[in-house]
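Atoms within a ligand are numbered from 1 in the order they appear, just like the ligands themselves. Since the structure is predicted, the reported quantities are computational estimates derived from the model, not experimental observations.
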Amino acid sequence: MKILGIDHVAIATDDIDRDAPFWKYILGINHSSREDVPQEGVTTDIYDTGRGKIELLADFGENSPIKRYIEKRGKGIHHISLQVDNINAATAELKEKGIRLISDEPKVGAEGYEIIFIHPESTGGVLVELAEKPE
Ligand code: CO
């Protein structure tokens with residue numbers, strides 16, 4: 001697998017509107033998009049430095065994993081996302097090496113990226129997302 005760089009750092013929040021102004025106005029990072037991703041139960045609010053993004057994550061809908069995450073572990077860094085050249089090849093390689101994944105197959109996430117999560121048990125305690133950018 002080829003890692004192309006760090007795509008984003010995702011931060012779990014219980015209130016995007018309260019937390020976004022820090023990234024937007026204090027740090028002055030360009031707002032790139034806000035998007036509901038119902039299949040993942042999240043709303044994403046993305047700030048793009050041009051060399052890596054900050055992605056605020058809030059719960060969306062019933063049974064959101066973000067809501068459960070905040071209840072369990074509190075607000076703060078939720079995952080880091082690494083961009084890969086080929087998500088299907090990366091997934092197959094991780095499975096072959098016995099790495100624990102959160103889902104069996106990649107899914108479409110925010111900004112149309114295809115993503116898969118690696119369980120923190122396999123990474124030294126950090127939820128890691130691999131993401132392939134859409135064409
Ligand atoms: Co992400």
Query - Check: Ala10 main-chain N/O paired with His8 side-chain donor or acceptor under 3.5 Å - result: no
Query raised in the report: Are any of the side-chain nitrogens in Lys133 or Asp85 under 4.0 Å away from the carboxylate oxygens of its partner?
Result: no
Query - Donor-acceptor contact below 3.5 Å, side chain Gln39 vs main chain Val108 - result: yes
Query - Asp7 vs Tyr113, side-chain hydrogen bond (donor to acceptor under 3.5 Å, both in side chains): CA-CA, chis, key distance, verdict - result: CA-CA 11 Å; Asp7 187 80; Tyr113 279 64; 3.0 Å; yes
Query raised in the report: Quick one: do Asp104 and Lys95 make a salt bridge, cutoff under 4.0 Å?
Result: yes
**Report entry** 2.8 Å cut-off (strict), protein N, O or S atoms about the Co ion (ligand 1)
**Finding:** 4
Query raised in the report: Which heavy-atom pair separates Val42 from Ile66 by the least distance, and what is that distance?
Result: CG1-CG1, 3.3 Å
